[in-house]
Amino acid sequence: MRLSRYFLPVLKETPAEAQIASHRLMLRAGMIRQQAAGIYSWLPLGYRVLRRIERIVHEEQSRAGHIPMLMPTLQPADLWRESGRYDDYGEEMLRIADRHGRDMLYGPTNEEMITDIFRAHVGSYRDLPLTLYHIQWKFRDEIRPRFGVMRGREFYMKDGYTFDLTEDDAKHAYNRHLVSYLRTYERMGLQAIPMKAEGGPIGGDYTHEFLVLAETGESEVFYDAEITDLTFGDREIDYDDHAQCAAVLEEFTSRYARTDDTHDEAVFHDRVPEARRRRSRGIEVGQIFYFGTKYSEPMGAVVTGPGGERVPVHMGSHGIGVSRLVGAIIEASHDERGIVWPEGVTPFHCGIVNLKQGDTEADSACARIYHALAGHGLEALYDDTEERAGAKFATQDLIGLPWRITVGPRGLKNGVVELTSRRTGESEEMSPEAAVARVAEIYAGR
RNA sequence: CGGGGCGUGGCGCAGCCUGGUAGCGCGACGGUUUUGGGUACCGUAGGUCGUAGGUUCGAAUCCUGCCGCCCCGACCA
């Protein structure tokens with residue numbers, strides 16, 4: 001993409017309303033624009049990141065054998081009356097009436113709807129296990145939205161629903177989700193720690209939240225320092241293997257790690273030596289629940305078992321806050337100059353800065369590099385504007401592309417361009433071909 | 001929802017207390033500058049002062065209602 005033809009409304013000054021780094025940087029980098037309290041438009045750069053995160057989520061869900069679908073944002077109130085949550089959810093649910101006066105709501109989640117779909121079409125234990133998920137916009141009418149997309153009212157979320165015949169099978173579905181989530185977050189360059197949590201209005205007490213450690217997190221967290229040494233990496237996993245998934249859950253949840261909701265100071269002291277006790281803050285980027293028959297029973301989601309008996313299915317729901325992740329990643333990865341995107345989610349793989357637009361050598365070198373990168377399947381943001389070098393660098397640093405190739409007449413005289421890492425700030429001079437090859441190598445396999 | 005604050009060109013702000021016909025910086029646009037970390041200078045455009053009403057000869061400024069936004073708390077994927 002040539003910057004001169006792109007839509008990237010960067011701001012030099014920080015809008016007054018932004019209090020935390022991710023919100024400030026998303027506004028300054030032209031990623032979002034607030035339309036109402038807690039409601040945002042996603043401008044092209046922000047939209048790219050959102051889509052990349054979404055794609056990673058889809059890929060990892062697919063790997064775990066989960067089936068994508070799409071449910072609507074607006075739901076009929078009657079479904080929620082069946083589960084009893086129409087009243088329980090309270091003011092946080094946005095209620096609407098259509099022209100006929102029928103009660104509708106903008107869905108904050110989809111347990112009722114998926115249960116309705118299930119009961120209409122699934123009747124036998126032979127159809128289980130089943131995991132359906134979708135990625136859709138949700139709305140929770142927070143009393144006080146803040147922190148940009150980290151705590152908006154409208155948010156984009158992956159929510160998956162598991163249906164199993166027995167509690168044991170449902171626990172495996174839970175474990176499988178935990179494993180797939182570990183992979184998902186790692187691909188985004190994040191360490192998200194599963195912590196024992198509380199059910200909240202979704203219900204259920206078999207649940208973990210995934211938290212990214214950050215000063216600006218909404219939750220206070222307490223954990224054993226050893227847990228931050230764990231990584232899932234690229235280990236082989238068979239998602240159908242109950243024992244293997246259970247072992248991963250054991251590995252990642254056996255150490256003390258809890259949010260303030262479930263924290264127990266006595267247990268913390270008892271189980272964790274003082275030197276390893278950590279108290280910090282975290283951003284919740286996902287949560288997994290097993291809640292048994294909480295919805296299947298009242299809503300009649302039953303199947304016929306092997307012995308001919310009619311039994312309510314065991315369910316779980318599992319969420320990843322896709323839009324919130326954009327903010328969380330920035331909270332975890334930025335510096336005083338701007339965002340530092342992990343390679344897995346960056347909106348463009350590489351920036352190209354032409355220091356002397358209009359110089360024949362520089363222009364053609366930039367064009368060659370741009371096309372060579374494209375040949376490797378890599379997208380570059382080529383700054384072909386008439387700005388001064390300083391302004392171009394400042395913009396690059398702000399929007400945080402992990403790699404930058406700087407091209408100018410001075411270097412080209414010696415046959416070199418400069419490859420710079422956003423994260424370390426280190427630059428290296430090399431031929432244009434070598435720079436392209438290096439960037440291609442960095443992204444190989446991603 | 002309780003407490004506090006703010007709405008003035010795209011962004012950041014001054015002006016309000018003490019009423020007199022709207023200003024600064026950044027940005028945008030047109031030039032000059034030819035430039036390796038937000039260059040300098042000249043010029044231009046852009047504002048129903050959130051909104052409705054009231055007081056007044058006269059309201060951005062004083063009064064009242066409403067709307068919106070932000071901060072602290074409670075709440076929260």
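So that the names make sense, note that chain A is the first sequence line, chain B the second, and so on, each numbered from 1.
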message: Over all strands shown, is A/Thr14 touching base, sugar-phosphate only, or nothing at heavy-atom distances under 4.0 angstrom?
response: sugar-phosphate
A/Arg81 to A/Tyr86, cation-pi by 6.0 Å centre distance and 45° axis angle: yes
message: If I take atom NZ in residue A/Lys356 and atom P in nucleotide B/G36, what distance separates them, rounded to the nearest angstrom?
response: 9 Å
statement: Paired to B/C13 by Watson-Crick or G-U wobble criteria (both distances under 3.5 Å) is B/G23
- request: Name the residue closer to the 5' end of RNA chain B, choosing between A/Gly321 and A/Pro145 according to the nucleotide with the nearest heavy atom.
  value: A/Pro145
- prompt: Hey, does the side-chain of A/Glu387 have a donor or acceptor N/O within less than 3.5 Å of a partner on the base of B/G38?
  reply: no
query: Using a cut-off of 4.0 Å on non-hydrogen atoms, how would the nucleic acid contact of A/Glu91 be classed: base, sugar-phosphate, or nothing?
result: nothing
- prompt: So what does A/Gly390 touch, heavy atoms closer than 4.0 Å: a base, only the sugar-phosphate, or nothing?
  reply: sugar-phosphate
message: Could you tell me the Watson-Crick or G-U partner of B/G7, where both distances fall under 3.5 Å? Say none if there is no partner.
response: B/C67
- prompt: Should B/G37 form a Watson-Crick or G-U wobble pair with both distances under 3.5 Å, which nucleotide is its partner?
  reply: none
message: Regarding A/Gly319, tell me which of base, sugar-phosphate or nothing describes its non-hydrogen contacts under 4.0 Å with the strands shown.
response: nothing
- request: With heavy atoms under 4.0 Å as the rule, sort A/Gly411 into base, sugar-phosphate or nothing.
  value: base
field: Which nucleotide in B/G36, B/C11, B/C75 has an atom nearest any side-chain atom of A/Glu142
entry: B/C75
statement: As its Watson-Crick or G-U partner within any shown strand, both distances under 3.5 Å, B/G73 has B/C1
- prompt: When rounded to the nearest Å, what value does the distance between P atoms of B/G37 and B/G20 take?
  reply: 48 Å
- prompt: Below 6.0 angstrom between ring centroids: does that apply to A/Tyr174 and A/Tyr290?
  reply: no
message: If you count every heavy atom of other residues, nucleotides or ligands that lies below 6.0 Å from A/Arg55 atom CZ, does the total exceed 12?
response: no
- request: Starting from P on B/C69, measure out to CZ on A/Arg33 and report it in whole angstrom.
  value: 13 Å
- request: By nearest nucleotide on RNA chain B, pick out whichever of A/Glu154 and A/Leu11 is the more 5' one.
  value: A/Leu11
- request: Tell whether A/Arg151 reaches the base of B/C76 with its side chain through a donor-acceptor pair below 3.5 angstrom.
  value: yes
task: Looking at every strand, decide which applies to A/Ala394 at a 4.0 Å heavy-atom threshold: base, sugar-phosphate, or nothing.
output: base
message: Distance to the ring centre below 6.0 angstrom and angle to the axis at most 45 degrees; does that hold for A/Arg48 and A/Phe348?
response: yes
- prompt: Base, sugar-phosphate, or nothing for A/Gly38, non-hydrogen atoms under 4.0 angstrom?
  reply: nothing
- request: Would you classify A/Pro9 as touching base, sugar-phosphate or nothing, given that sugar-phosphate means primed atoms plus P, OP1 and OP2, and contacts are heavy atoms under 4.0 Å?
  value: nothing
field: Polar side chain donor-acceptor pair, A/His134 to A/Tyr161, under 3.5 angstrom
entry: no
- prompt: Which part of the nucleic acid, if any, lies within contact of A/Glu17, taking any heavy atom under 4.0 Å across all strands shown: a base, the sugar-phosphate backbone alone, or nothing?
  reply: sugar-phosphate
task: Identify which one of A/Thr406, A/Leu355, A/Ile369 satisfies the side-chain contact (heavy atoms from CB on, under 4.5 Å) criterion when paired with A/Val417.
output: A/Ile369
- prompt: With sugar-phosphate meaning primed atoms plus P, OP1 and OP2, does A/Leu355 contact a base, only sugar-phosphate, or nothing at under 4.0 Å between heavy atoms?
  reply: base
Distance-only donor-acceptor test (3.5 Å): side chain A/Arg28, base B/G38: yes
query: Would you say A/Gln34 reaches B/C70's phosphate, i.e. side-chain N/O to OP1/OP2 under 4.0 Å?
result: yes
- request: Write down the distance between CG (A/Asp260) and C1' (B/A74), rounded to a whole number of angstrom.
  value: 14 Å
message: Any base atoms under 4.0 Å from A/Arg24, or only sugar-phosphate, or nothing? Heavy atoms, all strands.
response: nothing
task: Tell me the partner of B/A28, counting only Watson-Crick (N1-N3 plus N6-O4 or O6-N4) or G-U wobble (N1-O2 and O6-N3) with both under 3.5 Å; none if nothing fits.
output: B/U44
Nucleotide nearest A/Glu418 when distance is taken to its side chain, options B/G36, B/C11, B/G38: B/G36
- line: Between CG of A/Leu94 and C1' of B/C76 the distance, given in whole Å, is 16 Å
- request: For the side chain of A/Thr395, starting at C-beta, report the closest nucleotide among B/C13, B/G38, B/G36.
  value: B/G38
- prompt: Hey, is the side chain of A/Arg146 pairing donor to acceptor with the base of B/C72 inside 3.5 Å?
  reply: no
field: Value in whole Å for how far the P atom of B/U35 lies from CZ of A/Arg410
entry: 9 Å
- request: Please check if the side chain of A/Tyr106 supplies one atom and the backbone of A/Glu154 the other of a donor-acceptor pair under 3.5 Å.
  value: no
query: Is there a donor and acceptor pair closer than 3.5 Å between the side chain of A/Arg144 and the base of B/G4?
result: no
